[in-house]
Structure formats: C-alpha cells, structure tokens
Amino acid sequence: MTTLINPTVSVVIPMYNVGKYIEQSIGSVLKQTYQDFEILCVDDGCSDDTLAKVAQFDDSRIQVIQQLNRGLSGARNTGIRAAKGKYIALLDADDFWSAKKLELHVAHLDSSPKVGVSYCPSLFVDEDGAPLGIGQFPALTGITTKQIFCRNPVGNGSAPVIRKAVFDAVAFQDGMRAWTQYFDEELRQSEDIEMWLRMALDTDFEFEGIAQPLTYYRVNASGLSSNLHKQFTSWQYAVDQNRIGHEAFFNQYASLAKAYQLRYLCRRAIQSRNSSQAIKLMHQALKTNWRILKEEPKRTLATWACTYLSTLPACIYNTIENAAMRGVSYIQKSH
C-alpha cells in the first residue's frame, strides 16, 4: 500500500494504554470500503503493548506520532495538526467502525457543503466487543444550537467525520501552550460537548446525521464509577468557556442544559449502583429546570423510576433497568 500524498480523510486515533483494543480499532479502519485515508495514531505516553500491536500492521498509511501524555484533547489536537485530509474522522482507540463508515460520511459531506459535522447513530458494545442491544439514536436533521447544547446529538467522539475547515475556524491559542489548540486541553472530560458547542456557536456550518449506525462504542465498566462531581465541574467549565459573546443564548438555555446534564449524571450514578447520589442528582435536575419533564417525559420518568428502584436487590433491579434504561441518551468516556 503506497502512502497517499493528499488523502481525503485523516483518521485520528489517540492512544493511551489501549493494547487490548487497538488492533480491532485500526483493523476496522483498514477494512473500510472507502480507502482514501491516512491513519494518525497519536501515542499519548503509552506504557503497555499498544505500540507493539500497532507495529504489526504493514500499511504505510499508518503513522505513529509520539508525545508526552497530554490527555485525549491533547492527543486529538496533535493528530488534527498533522492531518492532510480535508475531512477528519475521530476514532477513540477502544471503539471501532462499520465497514461503510467513511464511504457514507464522505458522500454526505461531498453532497452537502453546508454540513460541517456529519455523524451517525452508535451501537454499544461491552469490553469484549459484544453488542449490548442498546445504542445512541439521536436526531439527525434540523439540528439547532440548543439541541447541541442540551442533548448532544453527536453522542460520542467516534461518531463524527468533520471538515478540517471547521476545526480551523475554531482553533485558538491560550497563552499557556506554544501550539494551536482545537479541543480545549484544560478539559479531561466534557471536551466533546465543549467542541461541538463552540463549532455551533462560532461557525455557520451545520450538524447533520446519517441514519445508519456505523460506530461501535465500547462501554467501559470502569468508566461508570468515575467521579461524577468532577465530570459536572468539567461540564460547567466547558459551558463557561463559551459564554463570552453568546450571553443571550446561555441566558435562555443554560438551566435547561444543566438539568439534562444532571439527569445524565443521575443515570451514571444508577448504573454504578450509587442510589443515594442518583436520588440527589435527580432532584437537582428537576429543581434546576422542570422542562426536562415536559420535553422528554418518558425518558425523565424512566430515570426517576430507576433512581428509586436502584435501592432494590441487584437481581430484581437489573431486570427492570435493562428495559427502562434503553432510552439512555449518551455515555461519556474519560481519557
């Protein structure tokens, strides 16, 4: 396979001790029906066998870029800066794609010049890559900035393929780092929603999805017990970073988005069986803005019910949860 001088798509894969998953991730890219791409694997300070497994692939389109650990945002930024493609596809190293992922997103972006972010539904898999029977099936068209802020239709960082021009439009320097940033490197969580919100607020590009679920999103059991307070603090920081110049927008929607975020964190608490924290978060969500009950009554009531049912014995609760939690909005991972 010869190296492509100007590939259409640059696939950016941040890597931090992902030896368990990286072969499946890279393999899913190499099996794409659309082959005009480069793969930028950013070694963010790996200390396991990740690099040895990457070295087993004999394909000149794969480039490994090494750096000291800077987190997911820093690794993505390094890959984006090195990208030669006009489209950038982000792929977290523990996720993988359907074979037609790039073909369909490239066709979508080629035919829709106003669309800057093309995304798709995602199917959830477990640690071993087995389907969980649930996924993210967001709204696909007519996406407003309010929807991006409150409901994050993109869903996760492995779902979108994005025009390089959109990243260029929102690039910044913060005075603390010598390099250009795209994703905010101050964030170790909520970096995705901060980026999508900034793209929506500061550019004229549109967000639009395609109907097929093309991303397989791995739900890591360890992620369910992460510090929910820290995650909320990161989300609040992401919001505050975008307030300047958009005060009217945030005055109108900030409390609603906060309520949705608290409801999401309540789900996380439920899944980690922290019933007392789940109850507290659910109460906070409804107190912050009751409109989540009006806008999404079934999902909000399901969360409320699971909050109190989570105090039941695990064998009973798990049966109920499997049915009620199928309306899950999104799950985030940290790096």
Look at the side chain of [X] and the backbone N and O of [Y], then say whether any donor-acceptor pair between them is shorter than 3.5 Å.
| X | Y | value |
| --- | --- | --- |
| Asp43 | Cys46 | yes |
| Asn274 | Ala269 | no |
| Asp44 | Pro14 | no |
| Thr50 | Val18 | yes |
| Ser190 | Ala238 | no |
| Asp128 | Ala130 | no |
| Asn289 | Ala259 | no |
| Asn17 | Ser47 | yes |
| Arg299 | Ile292 | no |
| Ser98 | Lys101 | no |

With hydrophobic residues grouped by side-chain heavy-atom distances under 4.5 Å, do [X] and [Y] end up in a single group?
| X | Y | answer |
| --- | --- | --- |
| Ile210 | Leu91 | no |
| Val9 | Val64 | yes |
| Ile62 | Leu102 | yes |
| Leu214 | Val125 | no |
| Phe205 | Tyr182 | yes |

Indicate yes or no: at least one non-hydrogen side-chain atom of [X] is less than 4.5 angstrom from one of [Y].
| X | Y | result |
| --- | --- | --- |
| Leu123 | Thr215 | no |
| Met195 | Phe167 | yes |
| Pro7 | Arg61 | no |
| Val106 | Val161 | no |
| Gln261 | Ile193 | no |
| Glu38 | Val11 | no |
| Phe37 | Ile39 | yes |

Lys146/Leu256 under side-chain contact (heavy atoms from CB on, under 4.5 Å): CA gap, chis, key distance, verdict = CA-CA 10 Å; Lys146 174 199 171 186; Leu256 182 62; 3.6 Å; yes
Hey, what else clusters with Tyr237 if you join Ile, Leu, Val, Met, Phe, Trp, Tyr whenever side-chain heavy atoms sit under 4.5 Å?
-> Leu187
Ionic contact status for Asp92 with Arg76, cut-off 4.0 Å = yes
Are the charged groups of Glu127 and Arg218 less than 4.0 angstrom apart, N to O?
-> no
Nearest 0.5 Å, what's the [atom1]-[atom2] distance between [X] and [Y]?
| X | Y | atom1 | atom2 | value |
| --- | --- | --- | --- | --- |
| Arg81 | Ile65 | CZ | CD1 | 9.0 Å |
| Ser25 | Asp94 | OG | CG | 8.0 Å |
| Asp58 | Leu30 | CG | CG | 10.5 Å |
| Arg70 | Phe183 | CZ | CZ | 13.5 Å |
| Lys53 | Cys41 | NZ | SG | 14.0 Å |
| Leu104 | Ser118 | CG | OG | 9.0 Å |

Pairs touching residues 198-208 that satisfy salt bridge (Lys or Arg N to Asp or Glu O under 4.0 Å), sequence neighbours left out = Glu194-Arg198
Any idea how Phe249 and Phe149 line up, ring-wise: parallel (<30°), tilted (30 to 60°), or perpendicular (>60°)?
-> tilted
Taking the inter-plane angle between the rings of Phe207 and Trp196 on a 0 to 90° scale, is it parallel (under 30°), tilted (30 to 60°) or perpendicular (over 60°)?
-> perpendicular
Shortest non-hydrogen contact between [X] and [Y], atoms and distance:
| X | Y | answer |
| --- | --- | --- |
| Ala200 | Ile148 | CB-CD1, 3.6 Å |
| Pro153 | Ala139 | CB-O, 3.9 Å |
| Thr300 | Leu286 | CG2-CD2, 4.1 Å |
| Leu262 | Thr288 | CD1-OG1, 3.5 Å |
| Gln35 | Val29 | NE2-O, 4.4 Å |
| Ile88 | Ala83 | CD1-CB, 4.0 Å |

May I have the step-by-step check of side-chain contact (heavy atoms from CB on, under 4.5 Å) for Phe250 and Leu197, ending in yes or no?
-> CA-CA 11 Å; Phe250 285 99; Leu197 183 57; 3.8 Å; yes
Would you say [Y] and [X] are linked by a side-chain donor-acceptor pair, where the criterion is simply a distance under 3.5 Å?
| X | Y | result |
| --- | --- | --- |
| Arg188 | Gln231 | no |
| Ser73 | Glu185 | no |
| Ser10 | Lys84 | no |
| Gln24 | Trp97 | no |
| Lys287 | His283 | no |
| Tyr119 | Asn156 | no |
| Arg263 | Thr303 | no |
| Thr8 | Tyr34 | yes |

After noting the C-alpha distance and the side-chain angles of Tyr87 and Asp110, does the key distance pass the side-chain hydrogen bond (donor to acceptor under 3.5 Å, both in side chains) rule?
-> CA-CA 10 Å; Tyr87 303 141; Asp110 282 349; 2.5 Å; yes
Sort out for me which residue in Gln181, Gln241, Arg177 forms a side chain to side chain donor-acceptor pair (under 3.5 Å) with Glu186.
-> Arg177
Around atom NZ of Lys280, are there more than 12 heavy atoms of other residues, nucleotides or ligands at under 6.0 Å?
-> no
Take Val219 and Tyr217 through the test side-chain contact (heavy atoms from CB on, under 4.5 Å) and record every step on the way to the result.
-> CA-CA 6 Å; Val219 179; Tyr217 179 89; 4.2 Å; yes
Is there a side-chain contact (heavy atoms from CB on, under 4.5 Å) between Leu51 and Met15 once you walk through the steps?
-> CA-CA 9 Å; Leu51 294 178; Met15 304 186 306; 3.9 Å; yes
Using the salt bridge (Lys or Arg N to Asp or Glu O under 4.0 Å) rule, take Glu23 and Lys31 through it: C-alpha gap first, then chi angles, then the decisive distance, then the call.
-> CA-CA 12 Å; Glu23 291 172 289; Lys31 293 175 184 176; over 6 Å; no
